[in-house]
Number of protein chains: 2
Amino acid sequence: MPEKPQHEVTAAEDPALAFQTHDHRHCVGTMLARAEAVCADKGLRLTPVRRRVLEILLETHKALGAYEVLDRLAADGFGHQPPVAYRALDFLVTHGLAHRIQRLNAFAACMHTTDDSDAGHEAVFLICRDCNALAEAPGLRLRAALEAAAAGADFAVEGAAIEAIGLCARCRAAAGEGNDNAGVGA
Amino acid sequence: MPEKPQHEVTAAEDPALAFQTHDHRHCVGTMLARAEAVCADKGLRLTPVRRRVLEILLETHKALGAYEVLDRLAADGFGHQPPVAYRALDFLVTHGLAHRIQRLNAFAACMHTTDDSDAGHEAVFLICRDCNALAEAPGLRLRAALEAAAAGADFAVEGAAIEAIGLCARCRAAAGEGNDNAGVGA
DNA sequence: CTTGAACTGTTATACCGTAACATATACTTC
DNA sequence: GAAGTATATGTTACGGTATAACAGTTCAAG
Ligand SMILES: [Zn+2]
Ligand SMILES: [Zn+2]
Ligand SMILES: [Zn+2]
Ligand SMILES: [Zn+2]
C-alpha cells in the first residue's frame, strides 16, 4: 500500500518519518540551512569538505561508516585518506551537526532543528535492525531518568549515548505479513 | 580522607562501590559464584579460558579491551590469537556474564546478582572519564522511559545500550580541591 | 604583503574484529 | 571401551576502524 502524501514536515519534527516514505528534500534543506545558520552564528567555517560530508550523511536516514563517507568524498575529488573523512566528521559531531553511533561505528546527520542546546545535545537513537534506518528521538526525559539513576552512585553525568535496537513499524508489518519491501528513508 | 570500613556488600548491590575503595574480593567471589550457578543451571560450560577471562574482567571495575584480555590470557599459557579472547568474551556477553561497552570498544564483567532476566538484561553504564572506573546501574526505569520515547516513532525496542560519561564522586572531589588521587576499584 | 592560524592532504601505523581452517577435548551411542 | 558427533581451542591470515605526524594550502587579519 502506498503512503499518503506528506506535508511540509521533516524528520526533525517527527522522528517517525525516518522510517516512512517522505519528501526527504525537506529534511535535507532544513538541516543544511540549520548547519549554515549555526556556523554563521558561531563563526565556524562550513568548508566544502565539511559541507559535502554533511550532505552525504543527509542523503539517507541511516548511519554511514567513515570509510563509506570517504569513498564518496574521493569520488567528488576530495582527498582519499581516512583523516579527511574523520576530521570533517569530528567537526560536525563536535558542533552538534552530526552524531556518532557507537554501536555501529558509524555517523549520522543530526536531525534536530532546535539549536537551543546546540553542541553535544542529548538524543536517543532508534536503529531498525532490519532496514537500518535510524531515527533521532528527543532524549530529555531519558536524560532526566539517567541522571536520577546516576545519582544513586553519586555520579555526575556529562554526556550519554543512548542507542536502541529494534524494529520500525514498517519492518514489523513486513515481517508479520511475510511481505518484502524495499529501502526507505532516502 | 580514608573511607569508612566496608561491610559485606558488593558492587552488585551498590553500584557506587565501583567508584570507592572497597573489599573487592567480595565482588569477585560473588560474581564468580553466580557465573558458576548460571552455567550449571543452563548446562553451559565455564571452561578454563572462559573462567579465566571472567576473572580477568573481574579484577577491576573498569572496561578492558579484547587485546588487553588476550595479553593476560597469553601470559597464563592460553592462546595468543585474537579469536581466543573474542570467543570467550562473546560467550560471557551472550550469557549475561559480561557486557560490551560500545563507547570504549571494551568489555566489563557483569555486576548483577539478580539472575531474573539473565541474558541480555538491561543496564546503564556509568563511566568516569577521569579514573575510567565503570559502574553498572539498574536500568529498568530508563528502559521504560526509552520505550515510551520510542513509541512516539512507532518503534519496537528490542535492546538498548545506555552509556553515560561523567565524573565519579571521588574524581569530582579531587578536581575540586586540586587533589590528586590514585586508581580505584581494584 | 606578511604572518600566524586554520584547513586539506599525504604516508604510515596502530587498534579492533572476524573468516576459515586444523586440532583437541568432551559428550553420546553402541 | 570404541566410534562418532558436537563443542571448544588454537592458528594463519585478513579486513575494518581510527589516529599520529608531517607537508602543503588557504584564510583572516595586521
Ligand atoms: Zn528525511
Ligand atoms: Zn525498519
Ligand atoms: Zn568491587
Ligand atoms: Zn572516577
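Each chain gets a letter, A, B and so on, in the order its sequence line appears, and its residues count up from 1. None of these values were measured; they are calculated from a predicted model.
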Does a salt bridge link [X] with [Y], judged by any charged N lying under 4.0 Å from a carboxylate O?
X	Y	value
B/R51	B/E55	yes
A/D154	B/R172	yes
A/E59	A/R52	yes

Given the rule in the ring pair (Phe, Tyr, Trp, His ring centres under 6.0 Å) test, do A/H24 and A/H22 qualify, once you have shown the distances and angles that lead to the verdict? CA-CA 6 Å; A/H24 189 58; A/H22 64 282; 5.3 Å; yes
Tell me the interatomic distance from [X], atom [atom1], to [N], atom [atom2], rounded to whole angstroms.
X	N	atom1	atom2	result
B/Q102	C/dC15	CD	C1'	17 Å
A/L70	C/dG9	CG	P	10 Å
B/R100	C/dT18	CZ	P	6 Å
B/D90	D/dT9	CG	C1'	14 Å
A/F78	C/dC7	CZ	P	15 Å

From the options D/dT11, C/dG17, C/dC7, select the nucleotide whose nearest atom is closest to the side chain of A/T47. C/dC7
Under 4.0 Å: is that the gap between some side-chain N or O of B/R45 and OP1 or OP2 of C/dA26? no
Ignoring backbone atoms, establish whether A/N105 has a side-chain N or O less than 4.0 Å from OP1 or OP2 of D/dA18. yes
Axis-to-axis angle between the two ends of the helix from C/dC1-D/dG30 to C/dC30-D/dG1 (five base pairs per end, rounded to 10 degrees):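 Computed from the C1' atoms at both ends, the axes differ by 30°.
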A/F125 and A/H99 aromatic centres sub-6.0 Å: yes
Got a donor-acceptor pair under 3.5 Å from the side chain of B/Y67 to the base of C/dG17? yes
